[in-house]
Amino acid sequence: MQLLRDDDTLFAALIARDPSYEGFAYVGVKTTGIFCRLTCPARKPKRTNVVFFACRDTAQEAGFRPCLRCRPLDIKPPASEALQTLKDRIKAEPDRRWSAGDLKVLGYDPSTVRRAFQRQYGVTFAQYARSQRLGLAVGTLQQGGSVMDAQLDAGYESGSGFREAVSRLIGDAPTRMTAHQILTAQWLDTPIGAMLAVVDDAGVHLLEFAERKALPTEIKRLRERAGPIRFGHHPMLDRLAGEVEQYFSGRLTAFTIPVVQKGTAFEANVWNALQQIPVGQTRSYGALARAMDRPEAARAVARANGANQVAIIIPCHRVIGADGSMTGYGGKIWRKQWLLNHEQRMVTSQSQP
């Protein structure tokens, strides 16, 4: 698979800030001696003043210095200052009710912040903060705290408003919270976009890119199959975040974290077969069906592949068309290509002495 396209294609990607080349192409600017990611927010140079590289090492060997704005030597693209600062503030003060005035005091334009969170996580800043606040409140109730304590933790002045919000979140009234097993959700940042993770003590129930159109449907199905969900912190989330970070940094080819997503017996068999596809390789739907001794079930295999809710760990991205085409991928085709390229590069680097 050719990792570096022709210069005209790469220049078009540079102008469009196309993230599909993240980690696989860099641009050196001759007039400044600096090299950048193609997604760098800096003003774009003229076509005659750029040269492209397949990796960071070759850019540095050619005498180019890393850009201080897009930081191409880092594994993940830097989040906007506002995004990272506000996430840290929410983590430090999860019970705080944020207002537009609070953002202005910190020097941020509320509409800009709203767009940044919407672009990264698919939710506004207010929705992001509210989900963390409600998760804290649900945790208080799970630990045997009173409804009033949880209501105050969540920053709700109205008891009825708090009950309505929690009921929407988990599907039951707060007074019956301790009877529930609650799944825990959190956002994970990766080099190719944010992912939503949902876990419990047993393992991972869901791991999907925020932009997946079917994500709301998947969350609804997960609630029906496994139980209510809250945002919060959980040791299994810490373990998952660590393995995901190692995978994207090229240091992990086999996940060890348990997966506990629920499906039919046939879907479970397909998901198990997906995990048998070696890193750096692909299979067609027909080949996967034959490997399962179900050669007539290629279409059913494709449907089960699409029903997978644990991306990357259960590698549905390794299934392609019989003609070698990328076919569909809920996380977007460019991410599927990126993941396959990334895995091929991992295999190549590990085979070198």
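Residues: numbered from 1 along the sequence shown.
- Side-chain contact check for Asp238 and His233: no donor-acceptor pair (N or O, by modelled atom type) lies under 3.5 Å.
- Side-chain atoms of Glu243 come within 3.5 Å of backbone N or O of Thr256 as a donor-acceptor pair.
- The environment of CZ in Arg114 is sparse: at most 12 heavy-atom neighbours from other residues, nucleotides or ligands sit within 6.0 Å.
- Separating the CG atom in Asp200 from the NE2 atom in His234 is a distance of 6.5 Å, to the nearest 0.5 Å.
- Residues Leu188 and Ala197 approach most closely at CD1-CB, 4.0 Å, considering heavy atoms.
- Between the Arg335 side chain and the Gly331 main chain, a donor and an acceptor come within less than 3.5 Å of each other.
- Without hydrogens or angle criteria, Glu267 side chain to Thr264 main chain gives a donor-acceptor distance under 3.5 Å.
- For the pair Gln186 (side chain) and Gly232 (backbone), a donor-acceptor distance under 3.5 Å is present.
- For Asp102 and Ser99, the side-chain atoms include at least one donor-acceptor pair closer than 3.5 Å.
- In the hydrophobic clustering of this structure, Ile34 does not group with Leu14; members are Ile, Leu, Val, Met, Phe, Trp, Tyr whose side-chain heavy atoms approach within less than 4.5 Å, directly or through other members.
- Hydrophobic clustering (ILVMFWY, side-chain heavy atoms < 4.5 Å, transitive): Tyr329 and Met326 are in one cluster.
- The two residues Ala129 and Ile90 have their closest heavy-atom pair at CB-CD1, 3.9 Å.
- Here the straight-line distance linking atom OG1 of Thr282 with atom CD1 of Ile277 works out to 8.0 Å at 0.5 Å rounding.
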Glu245 and Arg251: salt bridge (charged side-chain N to carboxylate O under 4.0 Å, His left out), yes or no, with the steps? CA-CA 9 Å; Glu245 191 279 328; Arg251 294 179 287 119; 2.7 Å; yes

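- Without hydrogens or angle criteria, His317 side chain to Trp338 main chain gives no donor-acceptor distance under 3.5 Å.
- Remark: the backbone N or O of Arg71 is paired with a side-chain donor or acceptor of Arg37 at under 3.5 angstrom.
- Tyr26 has its ring centre no less than 6.0 Å from the ring centre of Phe64.
- Under the 3.5 Å distance criterion, the side-chain polar atoms of Glu218 are left unmatched by any main-chain donor or acceptor of Gln309.
- Glu22 contributes atom CD, which lies 9.5 Å from atom CD1 of Ile192 (distance to the nearest 0.5 angstrom).
- When hydrophobic clusters are built by joining Ile, Leu, Val, Met, Phe, Trp and Tyr residues whose side-chain heavy atoms come closer than 4.5 Å, directly or via intermediates, Phe255 is grouped together with Ile314.
- Taking hydrophobic clusters as Ile, Leu, Val, Met, Phe, Trp and Tyr residues chained together by side-chain heavy-atom distances below 4.5 Å, Ile333 shares a cluster with Phe24.
- Residues Leu38 and Ile15 share a single hydrophobic cluster, defined by chaining ILVMFWY side chains whose heavy atoms lie under 4.5 Å apart.
- Atom CZ of Arg345 is separated from atom CG of Leu340 by 13.0 Å, given to the nearest 0.5 angstrom.
- Taking CG of Leu83 as the start and CG of Asp189 as the end, the distance is 7.0 Å to the nearest 0.5 Å.
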Residues 284-302 side chain polar contacts: donor-acceptor under 3.5 Å, at least two apart:
from: Ser284; atom 1: OG; to: Ala287; atom 2: N; distance (Å): 3.0
from: Arg294; atom 1: NE; to: Glu296; atom 2: OE2; distance (Å): 2.9

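- A side-chain N or O of Thr327 and one of Lys336 form a donor-acceptor pair less than 3.5 Å apart.
- A donor-acceptor pair under 3.5 Å links the side-chain atoms of Arg17 to the main chain of Cys40, judged by distance alone.
- The ring-ring contact (aromatic ring centres under 6.0 Å, His included) test applied to Phe35 returns no partner, not counting sequence neighbours.
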